[in-house]
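Comments concern the structure below.
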Amino acid sequence: MTLRNDFLWGGATAANQMEGAYREDGKGLSIADVEKGARHGIPRKIHDSVHEGDYYPSHEGIDFYHRYREDIELFAEMGFTCFRMSINWPRIFPNGDDNQPNEAGLAFYDRVFDELLAHGIQPVVTLSHYETPLALVKKYGSWRHRKLIDCFARYCETVFTRYRDKVTYWMTFNEINETMNQAEPYHQTGIRFLPDEDHNLVKVIASHNMFVASALAVEIGHKINPDFKIGCMVQYPTTYARTCNPNDVLARRFHMMPNFYYTDVMCKGNYTNLCESQLNRMGLTIEDVPFEPGDAELLHRGTVDYIAFSYYFSSTAKSDDGKTITVERSNPYLKRNDWDWPIDPTGLRIALNELYDRYQLPLFVVENGLGAIDTPRPDGEIDDDYRIEFLGSHIDALKEAVDLDHVDVIGYTCWGPIDIISVGTGEMRKRYGFIYVDKDDNGEGTLARRRKKSFFWYQRVLATNGEITAPL
Ligand code: BG6
């Protein structure tokens, strides 16, 4: 067998993209709750509060809040051994800095975790997946402010204590490296730039505060349960030099640096030479990182137990002068999906190798998948052979990394095992699931669940521990 016997198989989701019930049982607003739906190529509008009559996809999601039993039943039928989900932070602390946690919110996750465990599925939990309490954004400017570190630590301590015996695998911030990669990192940090702010400096400050918060969470978690495995989570953008021109090879390095900036600090416990070099490329120095007494020691003590990452596609990088770089998704060797994302399974094998070579930590592929438009046949069946082909080729690439390259991979959870809201556009039509959800981009539909062809394919993949990935 290629993969270890205890390999974790499942699917990955986030609360804001599936739970709905956005005001139920005392939940406060998150940054996702004021983000409107949009379309491919049209940015999502962000409001300061909920506007009556506007459509916000997170408000209903796919109503997992009320249908989790039915959904977990279907995951179990596929043979999941784990399920990645996030805790919706303002369900626990509605304003982020409340004196007491919200018991109804805590009880909801007890019910979900119990249901999963009863089906032999272990929860894998993201602590912050685009669900920062909106009140913290308004009161403190979000992760610009160190106050967020205390709020996050308190939230973590609360859920670590409560679910001490129900959850082993945790991760702190979803795709934390997108803080630097995005023009305005709203999802990751809740930050929208103010006029005249130095954007790079704000990103560096917010990142440092999140690094400290993550290290604190690791330290607190390990005290509460030494068996906890607490990871970081990054988006891994496998990048090729456009040509063998040395400047293009350098461009590739420059494009990867902002990503290793995050994994270096969280896995090695300090700002490395690469981090300093990245700061210089942003017009800053290490002096601009807002260190406070004790931070350096904490970062060192709070390194992560494993690296979780998402992988969707690869890019190419080039440079004419060895300084400024151009990054493109177009690659003549690769096909693209309906949203122009290149399809590159080998890029996953490369990602696994690059991360393992650099950190020698266990790796968990916690997101990978194909967003596609599914058209049900007249009889209602959905023949998503394209999804089967995509996932099968990526799982094969993962097995090569394990088998041929001896990389330590502990699990694979593909993105959106059930159709959920797209983060990029707020659409429903960008579907990743094995399970179809009857809902459209305007929020209309019965929300009924239906198994697609890929459902039965994934069931066989899991039953054979990944040995059989061929199409049905
Ligand atoms: C990742 C996020 O970036 O990509 C998920 O962690 C997101 O939350 C996924 O859903 C796919 O992106 P999209 O825009 O297709 O939903």
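Both ligands and their constituent atoms are indexed starting at 1 by order of listing.
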Would you check if the distance from the ring center of H208 to the ring center of F211 is below 6.0 Å?
no
Just checking, R358 and F260: is the charged tip under 6.0 Å from the six-membered ring centre and within 45° of the axis?
yes
Review item, side-chain donor-acceptor pairs of residues 74-84, under 3.5 Å, at least two apart:
unit_1, atom_1, unit_2, atom_2, d
E77, OE1, R451, NH2, 2.9
E77, OE2, R451, NE, 3.0
T81, OG1, W9, N, 2.9
T81, OG1, W9, O, 3.3
R84, NE, T126, OG1, 3.0
R84, NH1, V366, O, 3.3
R84, NH1, E367, OE2, 2.9
R84, NH2, T126, OG1, 3.1
R84, NH2, H129, ND1, 3.4
R84, NH2, N174, OD1, 2.8

Near ligand 1, at a heavy-atom separation below 4.0 Å: residues by chain and residue number:
Q17, H129, Y130, N174, E175, Y312, W341, E367, W415, S422, V423, G424, K430, Y432
Ring geometry between F64 and F108 (parallel below 30°, tilted from 30 to 60°, perpendicular above 60°):
perpendicular
Please work out which of the three classes, parallel, tilted or perpendicular, describes the rings of Y311 and H394, given edges at 30° and 60°.
tilted
Short side-chain donor-acceptor distance under 3.5 Å, N259 and N181
yes
